[in-house]
Amino acid sequence: MPASYDTIGVDYSQLRKPDPRIGALIDDALGSATTVLNVGAGAWSYEPAARQVTALELSGEMIRQRPDDAAPVVQGRAEALPFAQGAFDASMAILSLHHWTEQETGLRKMRRVTRGPVVLLTFDTAHPALWLADYIPALVTLDEAIFPSMKDYARWLGPVDIIPVSIPHDCSDGFLSAYWRRPEACLDPRVRRGISSFWKIGDISEGLKALADDLESGAWAARHAGLLERDEADFGYRLVVTRPY
């Protein structure tokens with residue numbers, strides 16, 4: 001069966017450019033690691049240039065978009081990592097865990113092949129939803145179905161630190177909440193192509209029409225005036241970092 005990102009990933013490298021502020025948090029969490037495994041590596045986002053990275057990616061379309069100077073990539077699944085125990089100083093999975101078919105298995109495999117920290121950028125479904133869920137309630141149901149709870153990470157990986165990740169208002173990485181202060185972007189079909197949630201839900205035309213109406217009338221701006229004054233905000237994205245043995 002083709003990976004879903006063979007479809008979703010078309011033009012992904014242009015729509016999902018790594019944000020350097022988020023990248024700095026990830027790089028800091030990797031600590032002193034020299035060798036790093038990037039699981040669900042996609043089209044190269046957030047791979048630290050100053051480290052020896054090995055990428056693992058299932059989708060051929062995503063691999064095709066990796067630049068020539070990106071880290072070497074192995075095509076495969078998180079649930080069947082083809083590496084020896086303790087092969088890497090650190091490992092990372094950046095907004096990819098919710099696409100895995102067996103999340104517990106994949107994370108235990110990452111722990112097995114990693115001597116030091118396992119670093120995950122993921123989402124806490126217990127956090128209040130982004131305003132977009134007012135227009136597309138299925139987003140909440142979807143997130144609850146595809147993301148583990150925060151308690152699961154400690155059960156599967158051992159003790160972890162959970163670090164809130166604030167999203168800049170001009171975030172260059174076009175994931176779902178990146179446009180929290182730019183609601184008109186959600187009406188752009190090209191932007192939506194880079195966000196897997198919209199592919200999974202299907203028809204969202206009714207919600208988009210309601211959003212367009214509220215933007216035109218000024219109702220959205222009136223309702224979210226406080227957000228428009230902020231440079232960054234917390235929408236439930238979290239770094240999960242295993243503690244040292």
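Note that the structure is a prediction, hence the values are computed from the model and not measured.
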- Message: Looking at Val118, is its backbone amide N or carbonyl O close enough to the side chain of Arg111 to form a donor-acceptor pair, meaning the two atoms are under 3.5 Å apart?
- Response: no
- State, yes or no, whether a side-chain contact exists between Leu120 and Val160 at a heavy-atom distance under 4.5 Å. no
- Message: For a 4.5 angstrom cut-off between non-hydrogen side-chain atoms, does Leu25 reach Ile163?
- Response: no
- Indicate the ring-plane relationship of Trp220 and His224, choosing parallel, tilted or perpendicular according to the 30° and 60° boundaries. tilted
- Task: Look at the side chain of Glu57 and the backbone N and O of Ala43, then say whether any donor-acceptor pair between them is shorter than 3.5 Å.
- Result: no
- Say you draw a straight line from CD of Glu184 to CG of Leu211; how long is it, rounded to the nearest 0.5 Å? 9.0 Å
- Note on the structure: Tightest non-hydrogen contact, residues Pro183 and Leu215, listed as CG-CD2, 3.6 Å
- Residues Asp124, Ile162; criterion side chain to side chain contact (heavy atoms under 4.5 Å, CB included); working and verdict: CA-CA 10 Å; Asp124 181 3; Ile162 297 176; over 6 Å; no
- Specify whether Phe147 and His98 have parallel, tilted or perpendicular ring planes, treating 30° as the upper limit for parallel and 60° as the lower limit for perpendicular. parallel
- Task: Any chance you could lay out the side chain to side chain contact (heavy atoms under 4.5 Å, CB included) test for Val36 and Val119, step after step, and finish with the verdict?
- Result: CA-CA 10 Å; Val36 178; Val119 178; over 6 Å; no
- Task: Assess whether salt bridge (charged side-chain N to carboxylate O under 4.0 Å, His left out) is satisfied between Lys209 and Glu206, documenting all intermediate values.
- Result: CA-CA 5 Å; Lys209 182 181 184 306; Glu206 184 176 340; over 6 Å; no
- Message: So Leu58 and His99, do their side chains get closer than 4.5 Å, heavy atoms only?
- Response: no
- Task: Any chance you could measure Thr35, atom OG1, to Asp89, atom CG, to the nearest 0.5 Å?
- Result: 3.5 Å
- Item | Spatial distance of atom OG (Ser96) from atom CD (Gln103) [nearest 0.5 Å] | 10.0 Å
- Query: Any sub-3.5 Å donor-acceptor pair from Asp152's side-chain atoms to Ser149's backbone N or O?
  - Reply: yes
- Query: Okay, side chain of Arg230, backbone of Arg181: is any donor-acceptor separation there less than 3.5 Å?
  - Reply: no
- Query: How about Ile195 and Cys186: do any of their side-chain heavy atoms sit closer than 4.5 Å?
  - Reply: no
- Item | Pair Ile201-Ile136, side chain to side chain contact (heavy atoms under 4.5 Å, CB included): steps then yes or no | CA-CA 9 Å; Ile201 292 171; Ile136 309 173; 4.1 Å; yes
- With sequence neighbours left out, the residues meeting salt bridge (charged side-chain N to carboxylate O under 4.0 Å, His left out) with Arg182 are none
- Item | Side chain Asp143, main chain Thr125, donor-acceptor under 3.5 Å | no
- Message: Check this for me: does any side-chain nitrogen of one of Asp134 and Arg223 sit under 4.0 Å from a carboxylate oxygen of the other?
- Response: no
- Query: Side-chain contact, heavy-atom cut-off 4.5 Å: Ile26 with Pro48?
  - Reply: no
- Item | Gap between atom CZ of Arg155 and atom CE of Met150 - 0.5 Å precision | 12.5 Å
- Item | Closest contact, heavy atoms only, Ala133 versus Ala129 | CB-CB, 3.8 Å
- Query: Should Ser45 and Ile94 count as side-chain neighbours, where that means a heavy-atom distance under 4.5 Å?
  - Reply: no
- Item | Residues which pass ring-ring contact (aromatic ring centres under 6.0 Å, His included) with Phe83, listed by chain and number, not counting sequence neighbours | Phe88
- Message: If I take atom CD from residue Glu47 and atom CG from residue Asn38, how far apart are they, to the nearest 0.5 angstrom?
- Response: 4.5 Å
- Task: Could you tell me whether the side chain of Ser172 and the main chain of Lys17 form a donor-acceptor pair under 3.5 Å?
- Result: yes
- For Gln75, does the CD atom have more than 12 heavy-atom neighbours from other residues, nucleotides or ligands under 6.0 Å away? yes
- Item | Side chain Ser91, main chain Val39, donor-acceptor under 3.5 Å | no
- Query: Just by distance, do the side chain of Trp180 and the backbone of Ile167 share a donor-acceptor pair under 3.5 Å?
  - Reply: yes
- Query: So which of Thr242, Asp161, Val241, Val240 actually passes side chain to side chain contact (heavy atoms under 4.5 Å, CB included) with Tyr153?
  - Reply: Val240
- Message: Run the side chain to side chain contact (heavy atoms under 4.5 Å, CB included) test on Leu130 and Leu139 for me, step by step, so that the C-alpha distance in whole Å, both residues' side-chain angles and the decisive distance to 0.1 Å come before the verdict.
- Response: CA-CA 9 Å; Leu130 176 70; Leu139 287 169; over 6 Å; no
- Query: How far apart are the closest heavy atoms of Gly236 and Asp234, and which atoms are they?
  - Reply: N-OD1, 2.9 Å
- Message: Test: ring pair (Phe, Tyr, Trp, His ring centres under 6.0 Å). Region: residues 24-59. Which pairs qualify, not counting sequence neighbours?
- Response: none
- Query: Is Trp131 reachable from Val140 through a run of I, L, V, M, F, W or Y residues, each pair having side-chain heavy atoms under 4.5 Å apart?
  - Reply: no
- Item | Gap separating the CG atom of Leu121 from the CE atom of Met92, nearest 0.5 angstrom | 9.0 Å
- Query: Tracing side-chain links under 4.5 Å among I, L, V, M, F, W and Y, which residues wind up in one group with Ile63?
  - Reply: Val73
- Message: Could you check whether any side-chain N or O of Arg243 sits under 3.5 Å from a backbone N or O of Gly158, counting only pairs where one atom can act as donor and the other as acceptor?
- Response: no
- Task: Could you list the residues that satisfy ring-ring contact (aromatic ring centres under 6.0 Å, His included) with Tyr237, not counting sequence neighbours?
- Result: Phe123, Phe175
- Message: Would the distance check show the side chain of Glu79 and the main-chain N or O of Glu102 forming a donor-acceptor pair, the cut-off being under 3.5 Å?
- Response: yes
- Could you tell me which non-hydrogen atom of Thr114 sits nearest to which non-hydrogen atom of Pro117, and how far apart they are? CG2-O, 3.5 Å
- Item | Asp19: salt bridge (charged side-chain N to carboxylate O under 4.0 Å, His left out) partners, not counting sequence neighbours | Arg21
